[in-house]
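Heads up, the thing below is written out as structure tokens.
Numbers here simply count residues along the sequence, with the first being 1. Just so you know, ligand 1 is whichever comes first in the structure, and atom 1 is the first atom listed for that ligand. What you see is a predicted model; the values in this text were computed from it and never measured.
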Amino acid sequence: MDQLTEFLAKSPHIRYATPESPDFEELRLGFLINESNIPAIVIRPRSAEEVAALIPVLTKNNLQFAVRVGGHDMFGRSQVTGKVTIDLREISHVNVDVESQTARLGGGVICMDMLEELQKHNVTTPFAVTPSVGQVGWASFGGYGLLSTTYGLGVDQIVAAKVVDAEGKIRDADETMLTGIRGGGGSLGVIVEMTVKIYPQDQVLAGVIFLNSEDLAAVVKQFNAAYSQAKQEGLPSSLHLYQAILNGPVGKTLSIFFMWSSSDLEEGQRWLSKVSSWSPVAVSTVQPTTHKDFAAFANSIIPTHTYGTIFTINFYDLTPEVLDVIGTHGPRQPNNPELLFGVHELRHDAPREPNLGTVFDNRCAHYLIEIIPLGSTPEILAEGIAWGKEFISALRKTDDKNIIPSTYISLTSPEEVDMNKIYGSRYEVLKGIKEQYDPQNVFNNTLARF
Ligand SMILES: Cc1cc2nc3c(=O)[nH]c(=O)nc-3n(C[C@H](O)[C@H](O)[C@H](O)COP(=O)(O)OP(=O)(O)OC[C@H]3O[C@@H](n4cnc5c(N)ncnc54)[C@H](O)[C@@H]3O)c2cc1C
């Protein structure tokens with residue numbers, strides 16, 4: 001640590017905070033409150049060059065570090081007690097190139113800030129349902145969201161990246177490295193810039209349909225029976241639905257995040273009427289809007305900081321057996337307003353380039369279940385965790401032929417990360433790329449562990 005202190009003393013332009021600094025707590029705080037995960041120092045580089053100068057100081061002196069942006073890892077993996085945190089949030093540029101239909105994003109940009117910048121150019125790119133996450137961390141490990149059926153997952157948008165490697169060199173990722181980044185995230189280096197595809201955006205139709213859920217179990221079945229039928233008949237690629245059980249304005253409800261991401265609002269209204277006819281609606285907030293404004297709304301219903309954790313499982317289908325379990329445990333969801341149950345979906349018709357180099361393996365049509373106990377105090381959280389454990393355990397006991405072995409690494413606890421299962425057929429590829437670009441495993445404090 002002495003050598004790092006010396007380096008920082010000689011580099012007054014590089015900002016940092018230690019536990020004695022007045023802003024340390026604020027800088028350390030992530031989405032989840034964690035009083036015991038306390039890094040020795042938080043360093044806040046403002047450019048790729050500053051990151052490049054820092055990395056060799058850390059590696060030569062065997063100083064372990066982790067990279068942090070949105071701080072939304074559900075298991076606190078972006079900070080390590082007693083180690084160095086590299087906080088990239090100051091590297092947050094958004095440079096739009098309308099001609100090539102791409103945008104260069106600073107490695108530390110927050111999804112919501114990115115959407116605000118893109119909106120100024122009337123363009124968009126896929127984003128997280130809750131856009132307080134870091135865009136690079138979201139996209140590079142998979143990136144599920146409400147635009148996956150229209151434009152693909154977050155990983156599918158990545159066309160280039162600038163990375164500070166284990167030797168402290170700033171390099172433009174070649175195709176092999178890009179393949180590793182698309183699914184392996186920051187396990188090869190610090191991603192100081194990512195170039196993503198952008199799409200023209202006018203008004204869209206989006207919001208949440210809160211279904212009348214006095215009999216929640218029945219509503220879950222009724223809605224999904226109609227949805228499944230509509231899928232068989234064919235759904236437009238502009239329509240994406242995310243199901244959640246929220247303790248919302250009208251009590252505990254099955255709530256449908258509705259996204260119609262096409263400027264043909266008349267057709268969108270027809271689909272809104274159709275979806276709204278599948279089960280009686282209590283309240284709907286769906287209206288003509290923009291991705292940015294919808295994202296701001298989605299952000300507003302999630303706390304900024306909270307105690308919490310997550311349980312997850314992937315299914316090929318929401319079978320009657322799975323819906324029964326949801327119908328049993330959904331109504332038992334504790335009443336605190338923060339906690340929720342949600343279902344991401346990758347539809348069979350989601351677009352993807354067939355030859356895109358990626359190690360993200362889970363490309364079949366599937367449903368990603370997220371059971372998210374959150375609570376403003378550890379006591380409130382404990383009640384949520386008890387509920388979540390029973391719920392996930394019941395889901396894991398359903399027909400194993402319908403359970404996908406791979407889970408989403410971002411939502412999988414470190415104890416349950418099985419690299420073989422998560423990366424499946426792509427694991428050997430990722431291992432080979434890791435050996436090529438980071439043979440010393442310098443970037444070991446990330447989600448993918450080798
Ligand atoms: C409230 C909430 C909502 C979410 N919603 C969604 C969703 O809709 N869809 C979805 O797919 N996921 C979602 N997630 C999961 C989220 O996308 C991942 O946890 C993501 O990794 C968070 O990135 P971050 O920068 O906010 O987190 P951090 O904790 O700062 O970072 C997470 C990991 O990414 C690495 N990382 C991030 N940026 C870089 C970089 N520039 N260079 C190198 N490594 C980097 C970090 O080192 C760390 O290992 C959600 C999580 C939360 C808490």
Among all protein non-hydrogen atoms, which one is nearest to [atom], and what is the separation to 0.1 Å?
atom	answer
atom 3 (C) of ligand 1	T130 CB, 3.5 Å
atom 45 (C) of ligand 1	V67 CG1, 3.9 Å
atom 50 (C) of ligand 1	V133 CG1, 3.8 Å
atom 35 (C) of ligand 1	F141 CE1, 4.1 Å
atom 2 (C) of ligand 1	H72 CD2, 3.8 Å
atom 44 (N) of ligand 1	G186 CA, 3.6 Å
atom 37 (C) of ligand 1	G137 CA, 3.7 Å
atom 25 (O) of ligand 1	G70 N, 2.9 Å

Output the list of atoms in ligand 1 that are nearer than 4.0 Å to some heavy atom of [X], sorted by atom number.
X	value
A128	7 (C), 8 (O)
G143	11 (O)
L447	49 (O)
Y408	10 (C), 11 (O), 12 (N)
L88	40 (C), 41 (N)
M74	53 (C)
G107	41 (N)
H344	7 (C), 8 (O), 9 (N)

Return yes if a side-chain donor-acceptor contact under 3.5 Å exists between [X] and [Y], otherwise no.
X	Y	result
H72	S132	yes
Q79	N34	no
D97	T102	no

statement: Contacts of E167 meeting side chain to side chain donor-acceptor pair (under 3.5 Å) (sequence neighbours excluded), chain-then-number -> K169

Min N/O separation [X] to ligand 1 under 3.5 Å:
X	result
G134	yes
I191	yes
G189	no
R68	no
G145	no
W138	yes
N445	no
V129	yes

Does [X] come within less than 4.0 Å of ligand 1, judged by its heavy atoms?
X	answer
R77	no
G71	yes
F443	no
M194	no

query: Can the ring centroids of Y242 and F258 be said to lie less than 6.0 angstrom from one another?
result: no

message: Suppose we call two aromatic rings close when their centres sit under 6.0 Å apart. Are Y144 and H366 close by that rule?
response: yes

query: With the threshold set at 4.0 Å, does a side-chain nitrogen-carboxylate oxygen contact exist between E353 and R182?
result: no

- prompt: Do the charged groups of D156 and R363 touch, with an N to O distance under 4.0 Å?
  reply: yes

With heavy-atom distances below 4.5 Å as the criterion, would you say the side chains of [X] and [Y] are in contact?
X	Y	result
L430	F450	yes
L54	V164	no
F257	L246	yes
I326	F341	yes
I86	L58	yes

- request: Closest by any non-hydrogen atom to atom 31 (O) of ligand 1: pick that one out of G108, G184, S78.
  value: S78

statement: Note: heavy atom closest to atom 15 (C) of ligand 1, options T446, I91, L411, V190, belongs to L411

Going by atom type alone, with no hydrogens or angles, which donor-acceptor pairs under 3.5 Å involve a side-chain atom of residues 307-315 and a protein atom two or more places apart or on another chain?
from: Y307; atom 1: OH; to: E35; atom 2: OE2; distance (Å): 2.6
from: T312; atom 1: OG1; to: I369; atom 2: O; distance (Å): 2.8
from: N314; atom 1: ND2; to: S406; atom 2: O; distance (Å): 2.9

- prompt: Taking the six-membered ring of Y227, is the NZ or CZ of K231 close enough (under 6.0 Å from the centre) and on axis enough (within 45°)?
  reply: yes

query: How many angstroms lie between atom CZ of R332 and atom CD1 of I245, to the nearest 0.5 angstrom?
result: 12.0 Å

task: Show your reasoning for whether side chain to side chain donor-acceptor pair (under 3.5 Å) applies to E20 and T18.
output: CA-CA 5 Å; E20 294 73 40; T18 59; 3.1 Å; yes

- prompt: Does ligand 1 have a heavy atom under 4.0 Å from the side chain of L32, from its backbone, from both, or from neither?
  reply: neither

- prompt: Which part of Y144 is near ligand 1, with near meaning a heavy atom under 4.0 Å away: side chain, backbone, both or neither?
  reply: both

For I110 against V69, the heavy-atom pair lying closest together: CD1-CG1, 4.1 Å

